[in-house]
Structure formats: C-alpha cells, structure tokens
2 protein chains.
Amino acid sequence: MADVAAEAHVSVKTVSRVVNREPGVRRDTELRVRAVIDRIGFMRHDGARILRQGRTQTIALVVEDLANPFYSQISAAVEREARIRQYQLITASAEGSPTRERGVLESLINRRVDGLVVVPAGERPAVDPTVAASGTPIVYVDRPVRGQATDTVISDNPGGVRSAVEHLVANGHRRIALLGDDAEFWTARQRREAFVQIHDALGLPGDAKVSMGPHTVDSLTERLATWSRERSPVTAVITGNNRVTLAALHAMRRSGVEMGLVGYDDFELADLIEPAVTVVNQDPTSMGQKAALQLIARILGDESPAQTVVMPTRLIVRESGRLPASRSLRKASS
Amino acid sequence: MADVAAEAHVSVKTVSRVVNREPGVRRDTELRVRAVIDRIGFMRHDGARILRQGRTQTIALVVEDLANPFYSQISAAVEREARIRQYQLITASAEGSPTRERGVLESLINRRVDGLVVVPAGERPAVDPTVAASGTPIVYVDRPVRGQATDTVISDNPGGVRSAVEHLVANGHRRIALLGDDAEFWTARQRREAFVQIHDALGLPGDAKVSMGPHTVDSLTERLATWSRERSPVTAVITGNNRVTLAALHAMRRSGVEMGLVGYDDFELADLIEPAVTVVNQDPTSMGQKAALQLIARILGDESPAQTVVMPTRLIVRESGRLPASRSLRKASS
DNA sequence: TTGTACGCGTTATCAT
DNA sequence: ATGATAACGCGTACAA
C-alpha cells in the first residue's frame with residue numbers, strides 16, 4: 001500500500017480509501033490510484049486488516065468426519081451460507097476424539113474466528129471452557145451440550161423414531177428391535193430412549209429389544225440371526241443412523257434374513273435396493289443452514305436468549321417397512 | 001501479551017519466548033510466566049503473528065460441491081494431512097462457476113493462504129493470473145490446466161476406461177456405449193476420447209456410441225430405450241462418473257432395460273444393488289492426500305520441476321458387467 | 001478532498 | 001538469560 005501511495009503520489013490513507021471504496025476521493029485521483037494498483041498488482045493484506053479491525057470474517061466448522069455424507073452435507077450448507085455473507089469457512093475434523101477437538105478449538109480461537117459451528121465429539125458434558133472464556137459465539141449441531149444455555153440445532157429424534165415405529169406397526173409388525181449406534185453418542189442414546197418409550201406406549205409385546213453399537217457386519221449378522229430364531233422372532237428393525245443402516249443391509253444380504261427395516265438418514269440409492277429402503281430423513285442441509293444463519297446473527301450482535309432449534313424429520317416411505325409377504329415387486333406393479 | 005509481561009514482571013519478549021517454547025528462558029521465570037498466562041487466560045493472537053511472520057499456516061481447498069462424495073473424500077483427506085502438519089484448511093466452493101472461482105481465489109490470496117488445492121471449475125484454460133502473480137503454490141486435482149507447468153494430480157482416465165471396456169468385452173459384450181458427463185468437464189472429454197480410441201482399437205463393431213451430459217433420469221431413460229431398440233442393440237454402457245451412474249441406475253430401473261454396466265467411481269452400496277455394480281474406482285482419498293503433501297512440500301521450499309501425478313484406477317468387479325444371462329443370483333450361489 | 005500519526009499484538013534484531 | 005525497540009500493513013482519529 002505504501003508502494004502504491006508513493007507511485008501515485010498520494011498518501012497511504014488515500015489508497016486505503018480507494019481500496020475500500022470509501023467516499024471522499026476525487027474521481028481522477030481514484031483512477032490514478034487504481035491504475036497503479038493494477039500495474040503493480042497490489043493486493044490488500046487481510047492479515048493486517050484483521051489485526052486492526054478485530055474481526056476475521058471467518059467462521060469454523062468442526063465435525064468428526066468430513067467424508068460422512070451427513071456431515072459433508074452440513075459442511076456444504078454452512079460453507080454456502082458463509083460465502084454468501086462474505087465469511088470464509090475453516091473446516092476441521094476432530095475425528096471423534098474429545099482431546100483432538102479441544103486442540104482444534106484452541107487453535108481456532110487463537111485464529112480469532114468470528115464464530116464456531118460444532119458437532120461435539122463423543123461424550124461432551126459441557127461447553128468448552130476455552131471457547132466460553134473467549135466469548136466466541138458457538139452453535140452446536142446434531143448434539144446438545146450440557147451446562148449454560150447455548151444455541152443448538154438438533155433434529156427431532158423422538159419424532160423420527162416414533163414415525164419409524166408407527167410405520168412398522170401400521171404395516172403389521174409387532175416384534176420390532178432397534179439397532180442403535182454407539183451409546184457414547186447422545187443421538188444414539190436419545191433414539192434408544194425414544195424407542196423404548198414408544199415401544200411400551202404402543203403396548204408392543206415383550207421388552208423392547210435394543211442392540212447398541214459399535215456394530216460390524218459380522219456382529220449384526222449374528223444379532224439378526226439370533227433375533228430371527230427366537231420363538232417370537234423379531235420381524236423388523238430400525239437402524240440408528242446411516243452407518244448402521246449400511247452395515248445392517250450388508251448383514252441382511254449376507255445372512256439372507258428377511259426383516260422389515262426403517263433406516264435413520266436417507267441415502268442415495270435407497271430406492272434402488274431391493275426392497276427399497278424406507279428411511280427417516282434428517283435434512284442435514286437445513287440443519288447446517290440454520291446453524292450458520294444463527295451463528296452469523298450472533299456475530300452481528302443478536303443478544304436474544306440462546307435457543308435450541310429442533311428440526312423435524314420426515315419419513316420417506318418406500319418398501320422395506322412392509323411385511324415381506326405384502327411387498328409388491330415394482331416390476332410387477334409398473 | 002503485554003498484560004502477561006506486566007503481571008509476571010518480565011518483558012513481552014520473554015513472554016513470547018515462553019509461549020513459543022523458544023530456548024533461553026530460565027526454568028523458574030518460565031513457570032512464573034506460565035502461571036500468569038493460565039491465570040488471566042491469555043491466548044496468542046495468530047493474526048498478529050501472521051502479520052509479522054508472513055506465513056499463515058493455512059491452506060485452502062476449492063471444489064465445486066462439498067456434498068458430492070468424490071469431493072468430500074478429497075476434502076477429508078486434505079484436511080487430515082493439513083491438520084497433521086499444523087495447517088488449517090479453508091474450504092470454499094465455486095459451485096462450478098469460473099467467475100465465482102475467480103472471486104474465491106482472490107479472497108484466498110488476500111488472506112495470504114500458504115497454498116491452494118484446486119479442482120478447477122468448468123473450462124479453465126490456464127492458471128489463474130492472480131494466483132500466478134501472488135506466487136502462492138497451487139496444486140490442481142482431478143483436472144489439469146493449460147499454460148505453464150503446474151503440479152497436478154489426476155487419475156488415469158484412459159486406463160480406467162480401458163479396464164471398463166476390456167472387462168465388458170471379456171464378458172461377451174460387443175455393443176458398448178458411453179454415457180459421459182457434460183463435455184465441459186475435462187475429465188468427461190478425456191474419458192470420451194479414451195473410450196472412442198479403445199473402442200476402435202479393439203475392433204468393436206460400428207462407430208463408438210457416446211452420449212454426453214448433462215443427463216437427467218428422463219433423458220437417460222429415453223437414450224437407453226433408443227439404444228436398446230436398434231437392430232444391433234447396445235448391450236452395455238459405461239457411465240462417466242458417480243452422478244451419471246446414479247441417474248443411469250434409476251433410468252434402468254424405471255425403464256426395465258437390462259444392460260451391462262460399469263460405473264465410474266465406487267459408491268457405498270454398489271454391492272447391494274441388483275445386480276451389484278462393477279465400477280472403476282478412483283481413490284479420491286489418495287488423490288487428496290497426494291495433493292496436500294505435494295502442496296506442503298512446495299510451501300516448505302521444494303523447487304523441483306512441476307510434476308503431474310497420475311493415480312491408477314482400480315476395477316472393482318461385481319456383477320453388472322456380465323451378460324444378463326450369465327449373472328448368477330447371489331442367493332443361489334451362497 | 002487529502003494527509004499525518006498512532007496503534008493493533010506479535011516477532012526479529014540487537015543490545016545488555 | 002533477558003530486555004528495548006522497531007517493524008509487519010492496515011485502519012482510525014483527527015488535522016489540514
């Protein structure tokens with residue numbers, strides 16, 4: 001900037017005015033300055049700008065696995081909302097480790113990101129004290145965190161589980177089991193509780209059958225075989241998220257067990273599997289969008305009380321929820 | 001830092017030394033400083049550090065769609081390599097628009113990112129002049145860019161197409177067609193050229209049949225119907241990437257057309273579709289990793305000539321490449 | 001309309 | 001082993 005000023009025979013302040021389109025510069029001086037800028041290829045150094053202004057126009061997203069479709073959709077949505085509002089997005093993965101997450105958050109705070117969207121790793125009992133101390137706005141997604149009230153975007157887990165169970169019951173299933181993911185995850189626990197509660201509320205026979213993860217195709221194969229061999233065999237399962245659904249589909253295919261299925265999380269090609277998989281869709285794009293908007297509102301000074309937004313889920317009915325006997329082959333029906 | 005210095009009765013420089021673990025600080029003064037740091041919750045301001053040192057410890061990744069599994073896997077790999085080496089990753093999407101890409105790159109340069117990993121959008125004839133002028137190291141992924149030699153990581157498109165065609169031919173297919181993506185994409189064009197060349201080299205009958213995108217399920221349904229109604233009907237298609245594979249699978253299912261298929265890009269559940277889909281796998285994780293490593297080497301001063309790394313593809317043989325008649329039902333064979 | 005002087009928080013240099 | 005001071009490049013406040 002000093003170089004430009006010297007070349008154009010003006011002060012740095014005038015250059016600054018031109019670069020930032022501030023008013024109060026005569027047309028011809030502006031043109032002269034612009035010409036010099038283009039000629040010597042000047043580019044403003046945002047680092048210095050940040051140091052001076054205190055805002056970085058940067059937000060960060062912390063998830064556990066960027067390659068998982070659920071998170072990559074959230075990620076795409078957050079990036080989009082950020083970009084539209086002139087924020088850049090730093091994405092970081094904690095790979096599911098609270099320890100790594102702590103380190104990641106610390107380095108993001110050091111960077112003075114203007115805000116954080118975080119899917120808290122594993123068992124996270126409270127808002128990170130480092131973040132709290134820094135005063136950086138933070139929005140949690142998918143899983144809440146205990147302690148002081150914080151903006152949170154979660155999906156309606158009880159509602160989703162309820163829609164899954166009711167759908168199966170409406171299709172004649174009575175012995176329904178839940179294949180949940182690792183109980184370390186809050187979502188997995190919440191879905192389990194909802195399942196047990198709804199199971200009992202509907203007066204389904206026996207105790208609610210639940211198997212929590214982590215699951216492998218092998219372990220699920222065995223589990224399904226066991227359930228289907230009981231004297232009152234399980235006729236349908238609900239899978240707790242896209243990971244479990246995937247493993248369960250493989251296990252079913254391998255063992256040849258035919259069971260009703262409602263999976264949590266929609267996935268591409270769910271309609272091309274035989275039978276087409278009925279799912280509870282969580283709409284991660286909307287969750288990411290909502291979180292980003294809320295975060296940016298906070299950055300811009302919104303001081304209203306912290307809110308928890310519960311996003312509705314949507315049951316996408318395909319075929320896997322029906323009793324095997326009543327499934328129509330699509331080829332026959334088309 | 002000044003606050004800490006005052007509290008600990010040392011100079012700011014000594015605090016700086018402690019914070020950065022520089023040698024030359026007596027054990028007891030270090031402890032004293034650390035105590036103050038913890039007490040008042042001091043956190044280094046990386047903005048100032050950046051301004052002083054000129055390096056941001058940040059790299060950026062520019063792709064067109066973070067939610068597409070191909071890019072999200074690249075993204076996860078780049079983030080991982082970056083994080084391990086203490087770099088933060090800014091991800092940005094150009095949404096396929098060269099104009100937006102230009103703006104995105106410019107703001108990243110203004111931020112003084114240390115390096116760029118870019119999947120160039122649409123038709124990009126040359127290295128971006130802004131980037132070139134800034135001297136920021138850049139590595140292109142998936143598609144090369146003309147002009148001065150630049151580090152590039154692409155996959156072996158001719159090899160991938162060849163393996164697909166040869167697999168189909170080995171299974172008795174003779175009338176093979178290509179469903180490519182939009183010819184605007186370099187990869188789509190290269191795969192088309194490879195397909196035509198291999199088609200002719202193998203002496204397959206007639207002219208190579210090719211249909212480039214963008215495709216919709218509707219357009220593909222019609223296209224497949226046309227091809228299957230010809231006097232020498234097409235018996236197998238190769239799809240040019242995961243988007244096209246998806247649409248083609250839906251089109252086949254809808255129209256009931258039975259054709260051999262080899263898809264570009266592996267995808268989850270490819271083995272659960274009936275018939276299981278044979279694919280050319282590109283290993284985006286390795287591509288992202290390779291690109292990140294090469295970029296960081298450049299940042300660290302590697303001055304060797306720009307190199308183009310061609311990653312091998314791998315044909316994952318399942319069932320969709322066989323002639324329909326010879327397909328075994330898995331249930332029968334297990 | 002334009003310019004001067006200072007400060008943002010850190011690190012590099014050179015002293016002590 | 002420690003400290004004083006000058007940068008880094010920009011924006012703010014105020015003056016001209």
Side-chain angles (χ1 to χ4, degrees), chain A residues 1-37 40-58 86 106-114 133-136, chain B residues 1-37 40-58 86 88 106-114 134-136:
Chain A
M1 207 168 231
D3 296 350
V4 176
E7 287 277 328
H9 305 294
V10 294
S11 73
V12 285
K13 179 58 214 181
T14 300
V15 178
S16 172
R17 279 192 254 263
V18 171
V19 168
N20 298 311
R21 295 179 169 70
E22 286 173 32
V25 179
R26 256 203 348 248
R27 187 70 189 147
D28 58 332
T29 53
E30 174 181 347
L31 290 177
R32 185 153 41 92
V33 171
R34 286 211 182 284
V36 176
I37 286 175
I40 71 179
F42 165 82
M43 306 203 72
R44 181 179 61 198
H45 191 307
D46 278 347
R49 171 170 241 246
I50 286 165
L51 180 58
R52 194 58 237 254
Q53 298 196 324
R55 291 167 318 127
T56 55
Q57 290 293 313
T58 305
Q86 318 264 40
E106 186 171 325
S107 67
L108 291 169
I109 298 293
N110 282 350
R111 286 273 168 130
R112 301 297 194 271
V113 296
D114 292 336
S134 74
T136 309
Chain B
M1 207 169 233
D3 295 349
V4 177
E7 288 278 328
H9 305 292
V10 293
S11 73
V12 286
K13 179 60 208 180
T14 298
V15 177
S16 173
R17 277 191 256 262
V18 171
V19 168
N20 298 307
R21 296 179 168 70
E22 286 173 32
V25 179
R26 249 191 7 236
R27 187 71 190 146
D28 60 331
T29 53
E30 175 181 347
L31 290 177
R32 186 154 39 93
V33 171
R34 285 208 184 286
V36 176
I37 287 175
I40 70 179
F42 166 81
M43 306 204 70
R44 182 178 61 199
H45 191 308
D46 279 347
R49 171 170 240 244
I50 286 165
L51 179 59
R52 193 58 242 245
Q53 298 196 326
R55 292 168 314 126
T56 54
Q57 290 292 316
T58 305
Q86 319 263 38
Q88 292 193 336
E106 187 171 325
S107 68
L108 291 169
I109 298 293
N110 283 350
R111 287 271 167 130
R112 300 296 194 271
V113 295
D114 292 336
S134 74
T136 309

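By convention in this document, chain letters (A, B, ...) are assigned in the order of the sequence lines, proteins followed by strands, and residues within each chain are numbered from 1.
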Tell me: [atom1] of [X] to [atom2] of [N], nearest whole Å?
X       : N      : atom1 : atom2 : answer
B/Arg44 : C/dC8  : CZ    : C1'   : 17 Å
B/Ile50 : D/dA7  : CD1   : C1'   : 17 Å
B/Glu30 : D/dA1  : CD    : P     : 11 Å
A/Met1  : C/dT4  : CE    : P     : 15 Å
A/His45 : C/dT10 : NE2   : C1'   : 13 Å
A/His9  : C/dT1  : NE2   : C1'   : 18 Å
B/Asp46 : C/dC8  : CG    : P     : 18 Å
A/Arg55 : C/dC8  : CZ    : P     : 18 Å

Whether [X] contacts [N] is assessed here as follows: a side-chain N or O lying under 4.0 Å from the phosphate OP1 or OP2. Is that the case?
X       : N      : result
B/Gln53 : C/dT10 : no
A/Arg26 : C/dT1  : no
B/Ser16 : C/dT11 : yes
A/Thr14 : C/dG3  : yes
B/Thr29 : D/dT2  : yes

Return the minimal non-hydrogen interatomic distance between [X] and [Y], and the atom names on each side.
X        : Y       : value
B/Ser107 : A/Asp46 : O-OD2, 4.2 Å
B/Asn110 : A/Met43 : OD1-CE, 3.2 Å
B/Ser11  : B/Ala5  : C-CB, 3.7 Å

Quiz prompt | Spatial distance of atom CE (A/Met1) from atom CD1 (A/Ile37) [nearest 0.5 Å] | solution =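 Interatomic distance, A/Met1 CE to A/Ile37 CD1, rounded to 0.5 Å: 7.0 Å.
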
Quiz item: Nearest 0.5 Å, what's the CG-CZ distance between A/Asn20 and A/Arg49?
Solution: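 Answer for the CG-CZ pair, A/Asn20 versus A/Arg49, is 5.0 Å.
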
Report which part of the nucleic acid [X] touches: base, sugar-phosphate, or nothing (heavy-atom distance under 4.0 Å, all strands).
X       : answer
B/Asn20 : sugar-phosphate
B/Val19 : nothing
A/Val12 : nothing

Quiz item: On a plain distance test, is the side chain of A/Arg17 in donor-acceptor contact with the base of C/dG3 below 3.5 Å?
Solution: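 Side chain to base: pair present.
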
Quiz prompt | Base C/dT10 paired with B/Arg52 side chain (donor-acceptor, <3.5 Å) | solution =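 Answer is no: no donor-acceptor pair is held.
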
Practice problem: For the side chain of B/Lys13, starting at C-beta, report the closest nucleotide among C/dG3, D/dC10, C/dT11. | Solution: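 Minimum distance to the B/Lys13 side chain belongs to C/dT11.
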
Quiz item: The side chain of A/Leu51 lies closest to which of these nucleotides: C/dC8, D/dG11, D/dT2?
Solution: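 Among C/dC8, D/dG11, D/dT2, the one nearest the side chain of A/Leu51 is C/dC8.
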
